[in-house]
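First comes the structure, then the notes that go with it.
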Amino acid sequence: RDFLLATAVAERFTPDLADAMTGRTDSAHVAERLVAENLFIDRIETQPPWYRYHNLFAELLRAELRHTQRAWIPELHTRAARWHFEHGAPMEAVQHALAAGDLDLLAMCLADGWFELIARTDTAFRSDVLARISETDVDSSAQLSAVLASVDFISGQARSGSRRLARALKLRPKNPSPSLQAVLTFAELLRCANRGS
């Protein structure tokens, strides 16, 4: 039961992700047993395999989790975000960090995955993700300010982009991480392009 509830917060999962979320070491066996018992789960034939619950069953599990163990949900999303971040899936990490309400983790994921956010997602996805971050949180983070400045410049919102970039530069630590420096440089290039420089 705990396995089902924990893994239901993810749209899909691998055995490794399930292990990270549940603290178990036998998730591959459990997932295969669920498939064999035809328990509203599909195996996606990839290597390694991914698993996905049928939509209605997943919603039922999530509702049960909210009803019986609501306090566990942020921790599950944090574990999932960290796993996705470590396995090179920054946008999935961003979604889980948002759901966890972990601002530091979210900033780290966005700073690391800024290029994927800008180059490989559509406007609707970016709008949905970014609308869920408060302006107060953005204004307190160099990473978030820099990423949102880049999105603003790309969207033609030069005034907002310039304000956010100035905030990011003000908050930038003396020795910024390579990912933060990269997104700051990109935002500055976009600002120059918007000015026609």
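Within the 4.5 Å cutoff, the side chain of His84 has no heavy atoms near those of the Pro90 side chain.
Partner Phe13 forms a ring pair (Phe, Tyr, Trp, His ring centres under 6.0 Å) with one of Trp83, Tyr53, Trp50 and no other, that one being Tyr53.
Taking every heavy atom of both residues into account, Ala158 and Phe153 meet most closely at O-CE2, 3.6 Å. Closest non-hydrogen pair, Arg62 versus Ala8, comes out as NE-O, 2.6 Å.
Salt bridge annotation for Arg43-Glu45: present, with a cationic side-chain nitrogen under 4.0 angstrom from a carboxylate oxygen. Between Arg33 and Asp26 there is no salt bridge, since none of the side-chain N atoms of the basic residue sits less than 4.0 Å from a carboxylate O of the acidic one.
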Acceptor/donor pairs from residues 100-110 side chains to any protein atom, 3.5 angstrom cut, sequence neighbours excluded:
| unit_1 | atom_1 | unit_2 | atom_2 | d |
| --- | --- | --- | --- | --- |
| Asp102 | OD1 | Asp104 | N | 3.3 |
| Asp102 | OD1 | Leu105 | N | 3.0 |

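Of the inter-residue distances, the one linking Thr68 atom OG1 with Asp2 atom CG reads 8.5 Å to the nearest 0.5 angstrom. The distance from atom OG of Ser141 to atom CZ of Arg164, rounded to the nearest 0.5 Å, is 11.5 Å. Remark: Asp16 CG to Glu86 CD distance equals 11.0 Å, nearest 0.5 Å.
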task = Step by step, work out the side chain to side chain donor-acceptor pair (under 3.5 Å) result for Asp137 and Ser140.
result = CA-CA 5 Å; Asp137 289 339; Ser140 67; 4.8 Å; no

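For Arg172, the side-chain contact (heavy atoms from CB on, under 4.5 Å) criterion is met by Leu169, Pro176, Gln181, Leu184, not counting sequence neighbours.
Residues Thr25 and Asp19 have side chains that never bring a donor and an acceptor to within less than 3.5 angstrom of each other. Inspection of the Asp152 and Ser155 side chains reveals no N or O donor paired with an N or O acceptor under 3.5 Å.
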